[in-house]
Asks: 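Pasting a structure here, questions to come.
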Amino acid sequence: GTTWTPLGVGSKIATGWELTGLSLPSNGMVRARGRVPSGWYNGSSGLIEQVVPYPFPIVTNPTLTGLTATGATVGGTVEVGFGVAITERGIVFAKTEENADPQIGGADVTKLVSPGGFGTFTVNLTGLDLTTDYTFKAYATNVNGTAYSSKATLSTPSHPIVTERT
């Protein structure tokens, strides 16, 4: 079975509850329990419980390099996984007008996988439309779930980029 260790009592804050000063192992599950003020909720004992696995990967620094008329090189950084292996990492992107917050499985979202685990990575976006805004995020997945970087945007030019040979 699972052994649960009490970690302390939370303090009420403006956005919910907070428990500080914790010393947690590198991975596991956190269980939060509470009771509704009247002691009963929806015909039950009033006990509310949430169990959440942790940790998720930390993904940062969405990057954009090498923008062309119909492509770009984008990437991110998987900083840490707290000892939990990364099972997949990559980029999700979409036309901003169709999905301004792309996530895996979201409407009109394309996912490009980059091999590897921790560290900085890039992928090449190809076949982009001219004069179009795109939003992208880096992501990483471990056994506990998927985490995303902040979102970034790119805009393709209105015409092909021509360079002169010298």
Asks: Is there a path of hydrophobic side-chain contacts, each under 4.5 Å between heavy atoms, that joins Val78 and Val123?
Replies: yes
Asks: State the OG-CD1 distance between Ser149 and Ile91, to the nearest 0.5 angstrom.
Replies: 6.5 Å
Asks: Would a 4.5 Å heavy-atom cut-off, applied to side chains only, mark Leu154 and Phe136 as touching?
Replies: yes
Asks: Verify side-chain hydrogen bond (donor to acceptor under 3.5 Å, both in side chains) between Thr60 and Thr77, making sure each step is shown before the conclusion.
Replies: CA-CA 5 Å; Thr60 61; Thr77 302; 4.6 Å; no
Asks: With sequence neighbours excluded, what pairs up with Thr70 under the side-chain hydrogen bond (donor to acceptor under 3.5 Å, both in side chains) test?
Replies: none
Asks: Side chains of residues 98-106: which donor-acceptor partners sit under 3.5 Å, not counting sequence neighbours?
Replies:
from: Asn99; atom 1: OD1; to: Asp101; atom 2: N; distance (Å): 3.0
from: Asn99; atom 1: ND2; to: Ala107; atom 2: O; distance (Å): 2.9
from: Asp101; atom 1: OD1; to: Lys137; atom 2: NZ; distance (Å): 2.4

Asks: Do any pairs count as a salt bridge (charged side-chain N to carboxylate O under 4.0 Å, His left out) and have a residue in residues 140-154, sequence neighbours left out, and if so which ones?
Replies: none
Asks: Regarding Thr73 and Asn124, is there a side-chain donor-to-acceptor distance under 3.5 Å anywhere?
Replies: yes
Asks: Between Pro57 and Asn142, what is the shortest heavy-atom contact and its length?
Replies: CD-ND2, 3.5 Å
Asks: Does a donor on one side chain sit under 3.5 Å from an acceptor on the other, for Thr146 and Thr141?
Replies: yes
Asks: Quick one: CG on Leu112 to OG1 on Thr126, what's the gap to the nearest 0.5 Å?
Replies: 7.5 Å
Asks: Identify whether Val92 and Leu125 are in the same connected component of the hydrophobic contact network (ILVMFWY, side-chain heavy atoms under 4.5 Å).
Replies: no
Asks: Distance check, rounded to the nearest 0.5 Å: Leu128 atom CG versus Tyr134 atom OH?
Replies: 4.5 Å
Asks: Give a yes-or-no answer on whether the side chains of Thr153 and Thr135 include a donor-acceptor pair shorter than 3.5 Å.
Replies: no
Asks: Are Leu67 and Phe121 linked, directly or through intermediate hydrophobic residues, by side-chain heavy-atom contacts shorter than 4.5 Å (ILVMFWY only)?
Replies: yes
Asks: Tell me every residue that passes side-chain hydrogen bond (donor to acceptor under 3.5 Å, both in side chains) with Thr110, counting only those two or more places apart in sequence or in another chain.
Replies: none
Asks: For Thr63, check side-chain hydrogen bond (donor to acceptor under 3.5 Å, both in side chains) against everything at least two apart and list the hits.
Replies: none
Asks: Under the side-chain contact (heavy atoms from CB on, under 4.5 Å) rule, collect the residues that match up with Ser150, sequence neighbours excluded.
Replies: Pro62
Asks: Per the salt bridge (charged side-chain N to carboxylate O under 4.0 Å, His left out) rule, what does the pair list look like for residues 119-135, sequence neighbours excluded?
Replies: Lys95-Asp129
Asks: Under a single-linkage definition using a 4.5 Å side-chain heavy-atom cutoff for Ile, Leu, Val, Met, Phe, Trp and Tyr, are Val59 and Val113 assigned to the same hydrophobic cluster?
Replies: no
Asks: Using every non-hydrogen atom in the two residues, find where Thr156 and Ala69 come nearest and quote the distance to one decimal.
Replies: CB-O, 3.5 Å
Asks: With sequence neighbours left out, what residues match Tyr139 under side-chain hydrogen bond (donor to acceptor under 3.5 Å, both in side chains)?
Replies: Glu88
Asks: Looking at CD of Glu79 and OG1 of Thr120, how far apart are the two atoms once the value is rounded to the nearest 0.5 Å?
Replies: 8.5 Å
Asks: List the residues meeting salt bridge (charged side-chain N to carboxylate O under 4.0 Å, His left out) with Asp108, not counting sequence neighbours, and say none if there are none.
Replies: none
